[in-house]
Amino acid sequence: MLLSHRKTVHAMWEEGYLPSSPSYASTLLALNPHPYAPGWHQRLLAAPKGAYLAIDLMPTPHTGPAIQGLGQVYNPAAKATRLGHLFLSSVLVFPGKDPYPLALKPHPVPGMETPDYPLKTPSEALLDEVFDLLAVHPQVDLKGVVADAQFSSGLTLRSLLRAGIPFVGRMRSRVKVVLLEEGAEGEEEEGEVVPVGEVLQRYPPGRARYYRRFGLYAKRVRVVWPGVGRVDMVLVHKAQGAGWRRWVLVSTLGGGVQEVLEAWTLRWKVEVVHRLFKGNLGQGRSQARGYAVQLAHSELVVQAFHEVRRVREERPGLMWRHAQREAGRRFREALLTGPQATSPPRRLARKEGGT
């Protein structure tokens, strides 16, 4: 995983890095339907404090049609659906620090659910992750949860509000809210019911404040989300070419607009993690047929990321690619000290007539 030219179990076996064949290893790995659980638990207990928990769905396209659990998932890079798996990705994000991924957990598409891997909506998956985290580590110091629009439902907001956990997420434009207006005695009174998209149109960039730190125009509006209660909506505008890119955030954070924008900006570190998972560390490269084996492969990818992150902690400013090479060098030296002199790679042995 750490070495850029060895991204599959079969390739690592051919080079002598694994003691058993891929087929036998797959049989062993398939015995545990949740191979990510021990690593998730250990990483959670060792996690730094004062982070936001960023939750996202990560599609992983596959080319092997015989792999278990494949379904149609949207591939943002191709802007089309492809055969693949969906994973629930949970990452702790901090200002000024590298992201800290906790796990890649199964999120089966409809029709691929089993008793071991039940079907969940994005909101249900997020809430299960948050409350599992609190059950394992009640003293965890979370500043809040941040997620994209598919997680920002009324169920998510209601549940997290009752648990006292702040939330920041993007809102869908079709959601209807009740505007709060200032009454005669200075109290907030409920006004008209309007879609979120219409509220965004009423407050163009000229009616918003520019926040130089983020390069964004933003305006906070107090509203009532039916079934949830009073929340803050932050209308965001970003200059893009000759026009504007616009979106709306819902927040239950107690701070101001800058804190909301900071939380949302930190969420984008999840995209950095996913890009490294797929581009550098071999996520989606396993051709093992078993779904549990695919989950075990993803757990190895997360572990490899933490090895790279550890190198960057020791050498601040080192590029991710260079940190990966250094982590791979350390792994190779630790693994092949001794056996390298007596056990040549299997590929070399076959070329020389070995069995």
Side-chain angles (χ1 to χ4, degrees), residues 52 54-59 74-80 89 91 93 95 122-123 126 143-157 160 166-182 188 190-272 274-275:
Y52 288 96
I55 302 290
D56 202 3
L57 292 178
M58 187 187 75
Y74 181 74
N75 184 5
K79 296 184 178 180
S89 175
V91 182
V93 292
S123 292
L126 179 146
K143 296 179 70 174
V145 177
V146 57
D148 208 354
Q150 67 264 44
F151 298 96
S152 302
S153 67
L155 173 63
T156 299
L157 269 290
L160 294 181
F167 177 80
V168 176
R170 187 165 62 90
M171 291 187 74
R172 298 190 187 276
S173 59
R174 64 176 179 268
V175 175
K176 292 186 177 181
V177 295
V178 181
L179 295 178
L180 289 176
E181 302 172 351
E182 187 174 347
E188 291 180 332
E190 295 187 7
E192 58 182 318
V193 179
V194 294
V196 167
E198 183 177 330
V199 180
L200 187 59
Q201 295 297 327
R202 293 185 183 185
Y203 292 92
R207 298 186 63 183
R209 178 181 174 183
Y210 181 64
Y211 292 86
R212 185 181 301 273
R213 175 185 169 191
F214 306 101
L216 300 171
Y217 290 85
K219 170 73 175 180
R220 178 165 60 181
V221 179
R222 289 283 290 171
V223 299
V224 174
W225 188 340
V228 176
R230 299 190 177 193
V231 296
D232 287 334
M233 277 195 343
V234 178
L235 316 176
V236 185
H237 308 266
K238 181 179 182 179
Q240 192 172 46
W244 297 91
R245 183 185 172 202
R246 307 175 183 185
W247 63 92
V248 180
L249 302 177
V250 59
S251 170
T252 59
L253 285 174
V257 173
Q258 291 201 55
E259 186 174 354
V260 176
L261 294 179
E262 178 186 63
W264 181 249
T265 303
L266 290 175
R267 194 202 75 85
W268 286 99
K269 291 191 176 186
V270 176
E271 305 300 333
V272 175
H274 292 175
R275 186 168 64 248

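Just so you know, these numbers use all the heavy atoms, side chains as well, and skip hydrogens, waters and symmetry mates. Just so you know, these numbers come straight off a predicted model, no measurement behind them.
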For a 4.5 angstrom cut-off between non-hydrogen side-chain atoms, does [X] reach [Y]?
X	Y	answer
R267	D148	yes
P95	L266	yes
V260	D232	no
M233	V196	yes
E190	L180	yes
M171	V177	yes

Distance from [X] atom [atom1] to [Y] atom [atom2], nearest 0.5 Å?
X	Y	atom1	atom2	value
E259	L253	CD	CG	5.0 Å
L200	K219	CG	NZ	13.0 Å
L216	K238	CG	NZ	6.5 Å
L126	S152	CG	OG	8.5 Å
L157	W225	CG	CH2	5.0 Å
F167	L249	CZ	CG	10.0 Å

### Task
In sequence, state the C-alpha distance, the side-chain angles, and the governing distance for W247 and H237, and then conclude on side-chain contact (heavy atoms from CB on, under 4.5 Å).
CA-CA 7 Å; W247 63 92; H237 308 266; over 6 Å; no

List the atom of [X], the atom of [Y], and the distance in Å for their closest heavy-atom pair.
X	Y	answer
V178	G191	CG1-O, 3.6 Å
K79	Y74	CA-OH, 3.3 Å
P195	S173	CB-O, 3.8 Å
V146	A263	CG2-O, 3.7 Å
P205	R246	CD-NH2, 4.2 Å
V270	S89	CG1-OG, 4.4 Å

### Query
Considering the options D56, L57, T156, which one meets the side-chain contact (heavy atoms from CB on, under 4.5 Å) requirement together with P122?
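Considering D56, L57, T156, a side-chain contact (heavy atoms from CB on, under 4.5 Å) with P122 is found only for L57.
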
### Query
Taking the six-membered ring for Trp, are Y217 and W244 parallel (under 30°), tilted (30 to 60°) or perpendicular (over 60°)?
perpendicular

### Query
Between R213 and E262, is there a side-chain N and carboxylate O pair less than 4.0 Å apart?
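The answer is yes: the pair qualifies as a salt bridge.
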
### Message
Between the side chains of R275 and E271, is the shortest nitrogen-to-carboxylate-oxygen separation below 4.0 Å, so that they form an ion pair?
### Response
no

### Task
Please check if the distance between the ring centroids of F214 and W264 is under 6.0 Å.
no

### Task
Kindly determine whether V194 and R202 satisfy side-chain contact (heavy atoms from CB on, under 4.5 Å), including the steps that lead there.
CA-CA 11 Å; V194 294; R202 293 185 183 185; 3.5 Å; yes

